[in-house]
Amino acid sequence: MTPRPKRILFLFSDTGGGHRAATEAMIEAINLEFPGKFDCKMVDFFREYYPAPWRFAPEIYPTTTKIGVWGLAYRSSDGRGRARALTGLQYPMLRRGLHRLVAENPADVIISVHALVNAMLPRAMRKNPSPFVIVVTDMVSTHAFWYDRRADLILVPTEPARERGVKFGVPAGNLRVVGMPVADRFNDPIDAAAWKREQGWREDLPTALLVGGGDGMGPLKRVAKAINYAKLPLQLAVICGRNEELQADLRAVRWQIPAHIYGFTHEMPAFMEAADILISKAGPGTISEGFIKGLPIILYSRFVGQEDGNVSYVVDNGAGVWAPRPREVVDTLREWTENPQELRRVAQISRSLAHPQASRNIARIIAEQCGVEA
Ligand code: UDP
């Protein structure tokens with residue numbers, strides 16, 4: 001008799017696009033590495049199991065980041081003692097939902113992909129614990145909430161994130177640097193020239209790809225307009241994600257350079273393969289994907305707190321620049337288009353930071369936790 005597939009429960013939430021993308025990347029890798037051996041389930045714990053107002057976190061999140069509340073809450077809670085105190089305060093209100101979550105989703109291993117469930121879950125499953133693995137999806141400025149010492153294993157994307165774990169008291173043996181889980185498709189070969197022809201992109205001009213996370217966030221419109229007015233020798237591809245208003249606004253612009261405006265796309269690997277420069281909000285998913293495609297990166301905005309470290313990681317390693325003013329984005333584009341050698345040098349550094357096998361390696365580690373062999 002074939003053994004029943006092992007059940008993996010992924011706890012994530014749609015606060016931003018990154019948690020979902022990382023979770024889907026891991027599930028894809030598990031199914032590729034171990035076909036038929038695992039049954040994976042994703043649960044948005046905020047939406048499905050937390051009471052109001054927590055339940056509305058995915059809806060509230062874009063506003064809280066925009067008006068600065070998120071950054072304030074992030075920084076003021078980022079310490080071991082403060083994180084523990086906040087967990088203690090909130091737990092009584094979340095306990096019922098958490099017990100229901102554990103009871104309704106029996107699993108051989110639970111994987112958390114979100115900082116805000118890590119301290120709660122071990123309390124909720126105290127009587128009947130399942131193996132518990134945390135996959136950290138912030139690159140460097142990883143919040144204290146990520147590091148719960150009761151987790152069996154904590155997988156982190158970078159060495160600085162590992163060091164923060166040690167600082168927060170996680171035993172070094174329970175921390176492993178694996179990189180950010182990114183969709184396997186980013187490793188597939190793509191014919192960039194054919195893609196450009198298909199999209200009607202000029203083949204004689206470098207392409208700057210402008211993105212603002214899954215929701216087209218940050219001052220993307222101002223950046224796009226500044227690039228337009230500068231009339232640099234390049235073409236622009238803008239991905240507005242789910243932000244339809246932004247898409248309509250950009251379509252109405254009188255473009256002075258070749259410009260291509262898109263809504264949410266499932267073809268990010270092709271866009272990045274065909275582009276020469278990535279201009280992005282400091283989202284960890286997009287940055288990690290840019291590394292795989294060896295793209296020099298201009299970061300034009302970040303979420304205060306959570307994404308600060310993503311900026312320093314890119315800048316300190318020399319894979320790109322921090323350009324919070326549209327003028328600075330233009331200056332960097334001018335410098336790079338005038339000096340292709342410099343552009344190639346930065347591209348090489350970017351590629352050297354990539355972890356293209358992160359999702360597959362995480363899949364193997366999860367399988368190990370369940371005693372499953374390839
Ligand atoms: N993304 C996508 N299509 C789009 C826009 C974004 O697939 O049209 C993906 C992008 O490739 C990345 C994720 O959405 O995997 C965004 O994650 P990131 O961590 O960069 O930012 P977030 O949206 O979480 O703030």
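Reckoned from all heavy atoms, side chains included, excluding hydrogens, waters and symmetry mates. Numbering of ligands and ligand atoms starts at 1, following listing order.
Checked against a 3.5 angstrom limit, the closest N/O atoms of Thr265 and ligand 1 fall inside it. For the pair Gly285 and ligand 1, the shortest N or O to N or O distance falls below 3.5 Å. Of the polar atoms of His19, none of the N or O atoms is found under 3.5 Å from an N or O of ligand 1, judged by distance alone.
Close approach of ligand 1 to Ile239 is summarised as follows: ligand atoms under 4.0 Å from at least one heavy atom of the residue are 4 (C), 8 (O). The distance from ligand 1 to the heavy atoms of Pro284 drops below 4.0 Å at these ligand atoms: 19 (O). With ligand atoms numbered from 1 in the order given, ligand 1 contributes 15 (O) to contacts under 4.0 Å with heavy atoms of Ala21.
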Quick one: side chains of residues 263-275, donor-acceptor pairs under 3.5 Å with protein atoms, not counting sequence neighbours, listed by atom name and distance.
| unit_1 | atom_1 | unit_2 | atom_2 | d |
| --- | --- | --- | --- | --- |
| Thr265 | OG1 | Glu267 | N | 2.8 |
| Glu273 | OE1 | Lys293 | NZ | 2.7 |

Using residues 311-324 as the side-chain source, report each donor-acceptor pair under 3.5 Å to any protein atom, sequence neighbours left out, with the distance given to one decimal.
| unit_1 | atom_1 | unit_2 | atom_2 | d |
| --- | --- | --- | --- | --- |
| Ser312 | OG | Gly309 | O | 3.0 |
| Asn317 | ND2 | Tyr313 | O | 2.8 |

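The shortest separation from a heavy atom of Val211 to ligand 1 is not under 4.0 Å, leaving the residue out of contact.
Judged purely by distance below 3.5 Å, without hydrogens or angles, the side chains of Glu328 and Tyr300 never pair a donor atom with an acceptor atom.
The pair Glu368-Arg364 does not meet the salt-bridge criterion, since no charged nitrogen lies less than 4.0 angstrom from a carboxylate oxygen.
Of the candidates Arg302, Glu289, Arg242, it is Glu289 that places a heavy atom closest to atom 11 (O) of ligand 1.
In this structure, Arg123 forms a cation-pi arrangement with Tyr91, its terminal cationic atom sitting closer than 6.0 Å to the ring centre and no more than 45° off the ring axis.
The residue His266 has no part lying near ligand 1, judged by heavy-atom distances below 4.0 Å. For Thr286, heavy-atom contacts with ligand 1 shorter than 4.0 Å involve the backbone as well as the side chain.
Across all their heavy atoms, Val182 and Ser288 have their closest contact at CG2-CB, 3.8 Å. Nearest heavy-atom pair, Ile292 versus Pro356, reported as atom, atom and distance to 0.1 Å: CD1-CA, 3.9 Å.
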